[in-house]
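Inspection log for the structure reproduced underneath, given as structure tokens.
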Amino acid sequence: MPEPTPLSSAASPSASSTEFSPSAFSTAVVSWFAVAARDLPWRRPGFTAWGTLVSEFMLQQTPVVRVVPRLAEWLARWPTPASLAASPAGDAVRAWQSLGYPRRALNLHACAVAITSRFGGEVPRDVPSLLSLPGVGDYTARAVAVFAYGDRHPVVDTNIRRVIARAVDGAPDAAAPNARRDLPAMAALLPPSDADAARFNAGMMELGALVCTARAPRCSSCPVADLCAWRAAAYPSAPVARRPVQKKYEGSDRQARGIVLGVLRASDDPVPHTALAEALPDPARLGRALAGLLADGLLVTPAADLYALP
DNA sequence: TGTCCACGTCT
DNA sequence: AAGACGTGGAC
């Protein structure tokens, strides 16, 4: 729930009569971002488009603090798409370590292959080409175009959807994701210049991650508190629309996949079925995990009774 | 101690 | 289009 609400300033005469101003809003976010931004390596000058693609891939499902060390190792080893394309996909899965969702490692390797074969080794710059890469969706494609190439596009992640829902729409939380609505909503807020648009995209993500958080927004530290429609409306509360709870991980097939992959990652050589059965004694669960990983391309069987990373 | 939660893409 | 997909930190 929001902090105790000093509504005195929001209750000023202008608050309800003034229309929402995108330029005032974006200016406040960009100014705040210049001061409050975290030191994220892929936003430092000199970062390559490949580095941005790798970082955004890792960030698809994983918090910044866990990504940073993996990213440095990854780029030291594979500084270009061609270098990764020349390695086996299994090496990418190993280097992914415990970032989670290992199919992202496989997709990133497939991106390296596609970039090398279809784009002359250069990460493409236009959004449709980026979207054609495996594992690259609306978010990653535009994040690369904006942060690596400096072009002007709306980037929409879950944090930005929440900030817009609150500050612009006066709602407690974002509705279900919908690109046909979310992308234009963000586009309508973008400042005119490419450089400011990039800062605004990054600033909105940081604002949602650090200040306008899902459960305990820090409104007293918010650079747009005075412009926020949700705050002006005295924080109407949500009719608690809880999303369906995630299934229990313990004992799940999901966990089983992780266990199998952990064994394979730890071994330089293909492992026999008995080694997997030792780590995962439930034969039915092991069978489902192996079938799933095989279907996803995260597992190969180089010989009868042997299992390995691709 | 555990249960809940976040995260983007694909199908 | 609802659900699968992994992990580690918050509560």
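In what follows, chains carry the letters A, B, and so on, assigned in the order in which the sequence lines appear, proteins first and then strands, with residues in each chain numbered from 1.
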With sequence neighbours left out, what residues match A/Arg288 under salt bridge (Lys or Arg N to Asp or Glu O under 4.0 Å)? A/Asp253

Are the side chain of A/Arg94 and the backbone N or O of A/Arg265 linked by a donor-acceptor pair below 3.5 Å? yes

Near DNA chain B, under 4.0 Å by heavy atom, which residues of residues 144-155 of chain A? none

Measure from CG on A/Asp138 to P on B/dC7 and round the result to the nearest Å. 17 Å

Would you please name every residue forming a ring pair (Phe, Tyr, Trp, His ring centres under 6.0 Å) with A/Phe33, sequence neighbours left out? none

Heavy-atom check, side chain of A/Thr27 versus side chain of A/Pro191, under 4.5 Å: no

Hey, which sits more toward the 5' end of DNA chain B by its nearest nucleotide, A/Pro63 or A/Arg103? A/Pro63

Assert: residue with more 5' nearest nucleotide on DNA chain B, out of A/Thr62 and A/Leu131, is A/Thr62

Which residues within residues 105-117 of chain A lie with some heavy atom under 4.0 Å of an atom in DNA chain B? none

Closer than 4.0 Å, any side-chain N/O of A/Thr158 to the OP1 or OP2 of B/dC7? yes

I'd like to check the salt bridge (Lys or Arg N to Asp or Glu O under 4.0 Å) partners of A/Asp151; sequence neighbours left out, ordered by chain and number. A/Arg125

Over how many whole Å does the gap from A/Asp296 atom CG to B/dC10 atom P extend? 13 Å

Would you indicate what A/Pro177 reaches in the nucleic acid, counting non-hydrogen atoms under 4.0 angstrom: base, sugar-phosphate, or nothing? nothing

Please list, one pair per line, the donor and acceptor atoms closer than 3.5 Å that link side chains of residues 202-210 of chain A to other protein atoms, with sequence neighbours excluded.
| from | atom 1 | to | atom 2 | distance (Å) |
| --- | --- | --- | --- | --- |
| A/Glu206 | OE1 | A/Arg38 | N | 3.4 |
| A/Glu206 | OE1 | A/Arg38 | NE | 2.9 |
| A/Glu206 | OE2 | A/Arg38 | NE | 3.4 |
| A/Glu206 | OE2 | A/Arg38 | NH2 | 2.6 |

Can you tell me the distance, in whole Å, between the CG atom of A/Asp173 and the C1' atom of B/dC7? 15 Å

Give me each pair satisfying ring-ring contact (aromatic ring centres under 6.0 Å, His included) with a member in residues 81-114 of chain A, each pair once, sequence neighbours excluded. A/Trp74-A/Trp96

A/Arg104 (side chain) donor-acceptor with A/Met58 (main chain) under 3.5 angstrom: yes

What residues from residues 88-99 of chain A pass a heavy-atom cutoff of under 4.0 Å to DNA chain C? A/Ser98

What is the distance, rounded to the nearest whole Å, between atom NZ of A/Lys248 and atom C1' of C/dT7? 18 Å

Rounded distance (Å) that lies between atom C1' of B/dC7 and atom CD1 of A/Ile160: 14 Å

Atom-pair distance (CE on A/Met205; P on B/dG8), nearest Å: 9 Å

Write out a two-atom table: protein N or O, nucleotide N or O from nucleotides 9-11 of chain C, distance below 3.5 Å.
none

With a 4.0 Å cut-off on heavy atoms, is A/Asn159 in touch with a base, just the backbone sugar-phosphate, or nothing at all? sugar-phosphate

Side chain of A/Arg265 (C-beta onward), nearest among B/dG8, C/dC5, C/dT7: C/dT7

Nearest heavy-atom neighbours spanning A/Pro79 and A/Trp50: O-CD1, 3.3 Å

Tell me whether the side-chain N/O atoms of A/Tyr249 come closer than 4.0 Å to OP1 or OP2 in C/dT7. yes

Sorted by chain and residue number, the salt bridge (Lys or Arg N to Asp or Glu O under 4.0 Å) partners of A/Arg199 (sequence neighbours excluded) come out as A/Asp196

For residues 267-277 of chain A, tabulate all N or O donor-acceptor pairs below 3.5 Å that involve a side-chain atom, not counting sequence neighbours.
| from | atom 1 | to | atom 2 | distance (Å) |
| --- | --- | --- | --- | --- |
| A/Ser267 | OG | A/Asp269 | N | 3.1 |
| A/Ser267 | OG | A/Asp269 | O | 2.5 |

In whole angstrom, give the distance that lies between atom CD1 of A/Ile259 and atom P of C/dC5. 14 Å

Candidates C/dC5, B/dT3, B/dT9 - which lies nearest the side chain of A/Tyr101: C/dC5

Just by modelled atom types, is the A/Leu280 backbone N or O under 3.5 Å from a matching donor or acceptor in the A/Arg285 side chain? no

Between B/dT3, B/dT9, C/dC5, spot the one nearest the side chain of A/Arg257, thanks. C/dC5

Qualifying residues under salt bridge (Lys or Arg N to Asp or Glu O under 4.0 Å), relative to A/Glu73, sequence neighbours excluded: A/Arg70

Taking side chain as C-beta onward, heavy atoms only, is A/Thr158 less than 4.5 Å from A/Pro177? no

To the nearest angstrom, how far is A/Arg285 atom CZ from C/dG6 atom C1'? 13 Å

Please answer whether the main-chain N or O of A/Pro172 pairs with a side-chain N or O of A/Arg166 as donor and acceptor at a distance below 3.5 Å. yes

Nearest listed nucleotide, side chain of A/Lys247, among B/dC7, C/dA4, B/dT3: C/dA4

